[in-house]
Amino acid sequence: MRVDSSAPYNHARRLLDWYDVNARTLPWRSPPGTPPPDPYRVWLSEIMLQQTTVASVKGYFELFITRWPTVAALAAAEDADVMQAWAGLGYYARARNLLACARSVVADHGGRFPDTEAGLRKLPGIGPYTAAAVAAIAFGAHATVADGNVERVVARLYAVETPMPAAKPTLHALAAELTPTQRCGDYAQAMMDLGATICTPRSPDCPACPVAAGCAALKLQTPTRFPVKAAKVARPTRQGTIYWLRAGDTVLVTQRPPRGLLGGMRALPSDEWATVRPALAPPADATWQLLPGSVRHVFTHFELELVVMAATLNDGRSVALPAGATWVALAEIDRIGLPTVFAKAARHALAHLNTDRVDEKAA
DNA sequence: GAGTCGTGGTC
DNA sequence: TGACCAAGACT
């Protein structure tokens, strides 16, 4: 094996030797030194892994691969089926882009993924990181992968004092210098495994690190100080109302607008979520009851406090429904792909409206 | 460049 | 318990 011997302490060689022994076994991965996996599997896993933990992704990856074994099968899937299968994984724009990308690969590229960074970068949902990762891991291209793990490892190796995210261009340039010309896919995965298992954010295991001898942050005895982070901003609280409308054994379920927060997902009827609670009309003329307590949910950039109003209709067919709204059997409410915030609201409503079922759910 | 976009786990 | 964090992309 030939690697860049000019890098500090033969960085790439040490890292690849470590990876040969310590690589994690993952459903979308082939063992070190073996032929790369199907590009479809690499791409699917990389999309799912964006800002999402390995533990969360595993089940979804197996489910998707079993249900849609090829990019052509996924491209032919119904939008609603894919969105429902993605429910709970978060960042739902990824699911929309996943379908758009699969259909573009089939329609514009003969069913095969482009094998270069530039070609992959043009596809929906594939940014700089994912393009480099698929190019390197699936096609062995000489691409530099720079995700959060790599940024942390490099920031520590060089003790970069510039705060994030301003340091990103510097860190990516340093990462490119370290990248070897051989075994690029294994190297990319080795850097991410190192960041995920050794060079972790809070308690790095420096004695076990294969490149500790070349680490400036360790030499300074302050590895966790890097990467330096900018001052954080407070997260505002927004408020809203969920409308739990029963008719017989069914409840009214709506659909979110195609873009934006929770875009395209199934939902419960709700008003706008603003910093001041708005006074909007409920979705039906009925006797509404404010349920005691509230539901709290934290998003990336705001915290949401929901109250739930409940009403029961004698005949759901007598109501003019909003566009996209449907009646869903209560027994099905947990299986229709509700984002977690709405699943919480549904549990809240059920807990206050039916004491018997509270005991069943607790059992 | 700064905001937007989910969720579950950890300490 | 709350803040932080996880294989980013898009606008």
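Throughout, protein chains are lettered first and strands after them, A, B, ... in sequence-line order, and every chain is numbered starting at 1.
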Distance criterion of 3.5 Å, no angle test: do you see the side chain of [X] paired donor-to-acceptor with the base of [N]?
| X | N | answer |
| --- | --- | --- |
| A/T52 | B/dG6 | yes |
| A/R202 | C/dC4 | yes |
| A/Y129 | C/dG8 | no |

Closest to the [X] side chain, choosing from [options]:
| X | options | result |
| --- | --- | --- |
| A/V341 | B/dG6, B/dT7, C/dG8 | B/dT7 |
| A/H301 | B/dT4, C/dA6, C/dA9 | B/dT4 |
| A/H297 | C/dC5, B/dC5, B/dT7 | B/dT7 |
| A/K229 | C/dC10, C/dC5, B/dG6 | C/dC5 |

[atom1] of [X] versus [atom2] of [N]: gap in Å, rounded?
| X | N | atom1 | atom2 | result |
| --- | --- | --- | --- | --- |
| A/W43 | C/dG8 | CH2 | C1' | 15 Å |
| A/K168 | B/dA2 | NZ | P | 12 Å |
| A/K58 | B/dG8 | NZ | P | 18 Å |
| A/M48 | B/dG6 | CE | C1' | 15 Å |
| A/L26 | C/dA6 | CG | C1' | 14 Å |
| A/L98 | C/dC10 | CG | C1' | 16 Å |
| A/E46 | C/dG8 | CD | C1' | 11 Å |
| A/F299 | C/dA3 | CZ | C1' | 18 Å |

Is [X] close enough to [N] that one of its side-chain N or O atoms is under 4.0 Å from OP1 or OP2 there?
| X | N | answer |
| --- | --- | --- |
| A/T53 | C/dC5 | no |
| A/T340 | B/dT7 | yes |
| A/Q51 | C/dA6 | no |
| A/R259 | B/dT4 | no |
| A/Y92 | B/dT7 | yes |

So which one's nearest nucleotide on DNA chain B is more toward 5', A/V298 or A/S203?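 Going by which nucleotide is closer to the 5' end, it is A/V298.
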
Go nucleotide by nucleotide along DNA chain B from the 5' end; which of A/P165 and A/F302 gets its closest nucleotide reached first?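 That would be A/P165.
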
Taking A/W86 for the side chain and A/G90 for the main chain, is one N or O donor matched with an acceptor at less than 3.5 Å?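 Yes; judged by distance alone, with no hydrogens or angles, the pair exists.
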
I'd like to check A/E161 versus A/R225 (side-chain heavy atoms, cut-off strictly below 4.5 Å). Are they in contact? yes

Taking all heavy atoms of [X] and all of [Y], pick out the closest pair and write down the distance.
| X | Y | answer |
| --- | --- | --- |
| A/C199 | A/R152 | O-NE, 2.7 Å |
| A/H142 | A/T181 | CD2-CA, 3.5 Å |
| A/L252 | A/L268 | O-CD2, 4.0 Å |

B/dG8 to C/dA9 separation - P atoms, rounded to the nearest Å: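 Between the two P atoms, the distance is 22 Å.
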
For A/A196 and for A/E303, find the nucleotide of DNA chain C with the closest heavy atom, then tell me which residue's nucleotide is more 5'.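 The 5'-side residue here is A/E303.
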
Closest-nucleotide mapping onto DNA chain C: is A/P124 or A/Q189 further toward the 5' terminus? I mean the 5' end.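 This one resolves to A/Q189.
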
Under 4.0 Å, heavy atoms only, any strand: does [X] hit a base, just the sugar-phosphate, or nothing?
| X | result |
| --- | --- |
| A/T130 | sugar-phosphate |
| A/R152 | sugar-phosphate |
| A/R29 | base |
| A/L304 | nothing |
| A/W86 | nothing |
| A/G88 | sugar-phosphate |
| A/I47 | nothing |

Ring-face cation of A/R156 near A/F226 (centre distance under 6.0 Å, axis angle within 45°):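 No, A/R156 and A/F226 do not form such a contact.
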
Test: A/R256 cationic atom under 6.0 Å from A/W273 six-membered ring centre, within 45° of axis: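 Verdict for A/W273: a cation-pi partner in A/R256.
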
